[in-house]
Engineer: 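Submitted below is the structure of interest, expressed as C-alpha cells.
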Protein chains: 2
Amino acid sequence: MPRFFMLGTNIKGGTALIRGRDAEHIKVLRLRPGEKLTLCDGSGTDYNCRLVRSDRDEAEAEIIEVVPCRAEPSVYTWVLCGLPKGDKTDFIIQKCVEAGASEIVFFRSERCIAKTDAVEKKLERWQRIAEEAAKQSGRGIIPQVSWLPTLTEAINCAMQTELPVLMYETGERESLSHALKGAENVKSAAVITGPEGGFEAFEADMARKCGLHICSMGERILRCETAPLVALTALMYESGNLD
Amino acid sequence: MPRFFMLGTNIKGGTALIRGRDAEHIKVLRLRPGEKLTLCDGSGTDYNCRLVRSDRDEAEAEIIEVVPCRAEPSVYTWVLCGLPKGDKTDFIIQKCVEAGASEIVFFRSERCIAKTDAVEKKLERWQRIAEEAAKQSGRGIIPQVSWLPTLTEAINCAMQTELPVLMYETGERESLSHALKGAENVKSAAVITGPEGGFEAFEADMARKCGLHICSMGERILRCETAPLVALTALMYESGNLD
C-alpha cells in the first residue's frame with residue numbers, strides 16, 4: 001500500500017485532505033478512487049485510507065482505521081556520525097533510516113577531512129533522502145537529519161539517552177554485546193561512529209569520561225559509511241527490533 | 001600496515017618474493033626498505049614482513065612472523081542473494097566482505113528483473129571488488145563471488161551449512177533471534193535474501209521443506225541490497241564476531 005507522510009494534510013472528521021507534493025505524487029502514481037493508501041502522521045500513527053478523489057493540487061481520502069505504526073522500533077535511536085566525504089552521507093542516511101534510526105546527526109571531529117562550511121545547505125537534501133527512505137521502508141516517522149559542529153555536542157546528545165555507545169578502533173574497549181545487553185528494556189540509545197580516519201585517542205577518552213560505552217566491532221576494519229549501519233543493526237537485533 | 005594477498009608471491013625460507021600487481025602496488029604506495037607490510041596467504045594466515053627492496057616488477061620482503069589472521073570470523077558464512085539490478089551487486093559484495101561474509105553468491109529466482117545473460121562476464125569484476133574490500137577491511141581470505149542459475153541450487157548450497165536461513169517478508173516466520181540462537185557454536189551458516197520483489201510463496205515453501213529457517217527481519221521493509229548486510233550483521237553479532 002502506498003504510504004504518505006501528512007505534510008500539508010488536514011484531517012477533519014473521517015476525511016483527509018491531501019495537498020502539495022503528496023497530492024502530486026498520488027496523481028503521478030495514478031491511484032484511482034477506491035484504492036487504498038496509508039497516511040502517516042510522522043509521530044508513529046498510521047491512517048489507513050481509501051482514496052475518494054485526486055486532482056493535481058488536492059486529493060481527498062476517507063479514513064478507514066487509525067493504528068499505531070508497527071514499523072517503529074521500541075528504542076528511539078540517535079545515529080551520530082563524524083562527517084564523511086562526498087555522498088557517503090547519503091548512503092548513511094538512506095540505510096540507517098531503513099534499519100530503524102530515529103535521528104541522524106553529522107558532526108565534526110578531529111580527523112574529519114570533509115569540508116564543513118557548506119553543511120547547512122546540504123541539510124535540506126539530506127532531509128529529503130530521509131523522507132524517501134522512510135516512505136519506502138514503511139517507517140512511522142520521518143527521521144530528522146541534523147548537524148552539530150563538534151564531537152562534544154554529539155557526546156552531550158548521546159548522554160541524554162539510556163544507552164550511549166561510541167565505536168572506537170583501538171585500545172581498551174568493551175565488547176559490543178556486553179554494552180548492548182539489556183537493550184530490549186531501554187527506550188532511547190545512541191551510537192557514535194567516526195569519520196574516515198576514526199577518532200583520536202583523546203576524543204575516545206573524553207567520551208569514556210562522560211560515561212559512554214567505548215566499543216569495538218570485531219577485528220575487521222569497517223568503512224566509515226558502513227560502521228553506523230552495522231552498529232545500528234546490532235542494537236536493533238539485541239533490542240528485539242529485527243524479529 | 002598495508003596488506004597484500006599473495007597472488008603471485010613466492011615464500012622461500014624467511015623471504016617473500018612479490019610479483020605482478022602487488023609489486024606494482026607496493027611501488028605506487030612508495031613503501032621504502034625497512035617499512036612493514038602484511039602478506040595474507042588467502043587461507044587465514046598472515047605473514048608480517050619488512051620490505052627489503054621494491055622494483056616495479058618485483059619486491060622482496062623479510063618475514064618477521066607468521067600468525068593466524070584475527071579478522072576471520074568463527075563461522076564460515078555464505079551470503080546468497082537473488083540477483084538485483086544495476087550496481088547493487090557491487091554494494092552487496094563490498095559491504096558483505098567488510099562485514100565478514102566468506103562467500104557471496106548471486107542466483108536467479110522468480111521475481112528477478114535483472115538481466116542474467118551477461119552474468120558470467122561480470123564475475124571477474126565482482127571478484128576484484130571482493131579483493132579490494134578484503135584488503136581494505138583486513139580480511140584473511142578473499143571471499144569468492146559466484147553465480148548459481150537457480151534458487152534450488154542456492155538452497156542446496158545453504159543446506160550444506162549448519163545454520164541455513166532464508167529471509168522472507170510475509171506469512172508465518174520464525175523470529176531471526178530464535179533462528180540464530182546458538183550461532184556461536186556453529187562453524188558454517190548461510191543467509192539467503194531475495195531480489196527487488198522478494199520471493200514467491202512457493203519459493204519460501206520450498207526452502208521451508210528443505211529445512212531452512214524462514215525468518216523475518218522486523219516490520220521495516222529493507223531494500224534488496226540492504227537486507228543481506230543486515231542479516232549477515234545479525235549473524236556476526238549473535239555468533240560473537242562483532243565483539
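Each chain gets a letter, A, B and so on, in the order its sequence line appears, and its residues count up from 1.
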Engineer: Do Phe4(B) and Leu37(B) have side-chain heavy atoms sitting under 4.5 Å apart?
Structural biologist: yes

Engineer: Are the side chains of Pro84(A) and Pro195(A) in touch, meaning some heavy atoms are under 4.5 Å apart?
Structural biologist: no

Engineer: Taking all non-hydrogen atoms of both residues into account, name the closest pair between Phe107(B) and Ala154(B) and its distance.
Structural biologist: CD2-CB, 3.6 Å

Engineer: For Ala183(B) and Leu235(B), which heavy atoms make the closest approach, and how far apart are they?
Structural biologist: CB-CD1, 4.0 Å

Engineer: Quick check - list every chain A-chain B donor-acceptor pair under 3.5 angstrom, one line each.
Structural biologist:
residue	atom	partner	partner atom	Å
Arg70(A)	NH2	Glu219(B)	OE1	3.4
Arg70(A)	NH2	Glu219(B)	OE2	2.8
Ala71(A)	O	Arg220(B)	NH1	2.7
Lys95(A)	NZ	Glu225(B)	OE2	3.1
Lys95(A)	NZ	Thr226(B)	OG1	3.1
Glu98(A)	OE1	Arg223(B)	N	2.7
Glu98(A)	OE1	Thr226(B)	OG1	3.0
Glu98(A)	OE2	Arg223(B)	NE	3.4
Glu98(A)	OE2	Thr226(B)	OG1	3.2
Ser137(A)	O	Ile221(B)	N	2.9
Leu176(A)	N	Asp243(B)	OD1	3.1
Ser177(A)	N	Asp243(B)	OD1	2.9
Ser177(A)	OG	Asp243(B)	OD1	3.1
Ser177(A)	OG	Asp243(B)	OD2	2.6
Gly218(A)	N	Leu242(B)	O	3.2
Gly218(A)	N	Asp243(B)	O	3.4
Glu219(A)	OE1	Arg70(B)	NH2	3.3
Glu219(A)	OE2	Arg70(B)	NH2	2.9
Arg220(A)	NH1	Ala71(B)	O	2.7
Arg220(A)	NH2	Asn241(B)	O	2.9
Ile221(A)	N	Ser137(B)	O	2.9
Arg223(A)	N	Glu98(B)	OE1	2.7
Arg223(A)	NE	Glu98(B)	OE2	3.4
Glu225(A)	OE2	Lys95(B)	NZ	3.2
Thr226(A)	OG1	Lys95(B)	NZ	3.1
Thr226(A)	OG1	Glu98(B)	OE1	3.0
Thr226(A)	OG1	Glu98(B)	OE2	3.2
Tyr237(A)	OH	Glu238(B)	OE1	2.7
Glu238(A)	OE1	Tyr237(B)	OH	2.7
Asn241(A)	O	Arg220(B)	NH2	2.9
Leu242(A)	O	Gly218(B)	N	3.2
Asp243(A)	O	Gly218(B)	N	3.4
Asp243(A)	OD1	Leu176(B)	N	3.1
Asp243(A)	OD1	Ser177(B)	N	2.9
Asp243(A)	OD1	Ser177(B)	OG	3.1
Asp243(A)	OD2	Ser177(B)	OG	2.6

Engineer: Going by the ring-ring contact (aromatic ring centres under 6.0 Å, His included) test, which pairs reach into residues 79-105 of chain A, not counting sequence neighbours?
Structural biologist: Phe91(A)-Phe91(B)

Engineer: Identify, with sequence neighbours excluded, every residue that meets side chain to side chain contact (heavy atoms under 4.5 Å, CB included) alongside Ala101(B).
Structural biologist: Val79(B), Cys96(B), Ile104(B), Leu232(B)

Engineer: Does the side chain of Ile92(A) reach to within under 4.5 Å of the side chain of Leu229(A), using non-hydrogen atoms?
Structural biologist: no

Engineer: In terms of heavy-atom pairs under 4.5 Å with chain B, which of Gly138(A), Ala99(A), Cys69(A) leads?
Structural biologist: Ala99(A)

Engineer: Relative to chain A, which of Cys215(B), Ala231(B), Pro73(B) shows the most heavy atom pairs under 4.5 Å?
Structural biologist: Pro73(B)

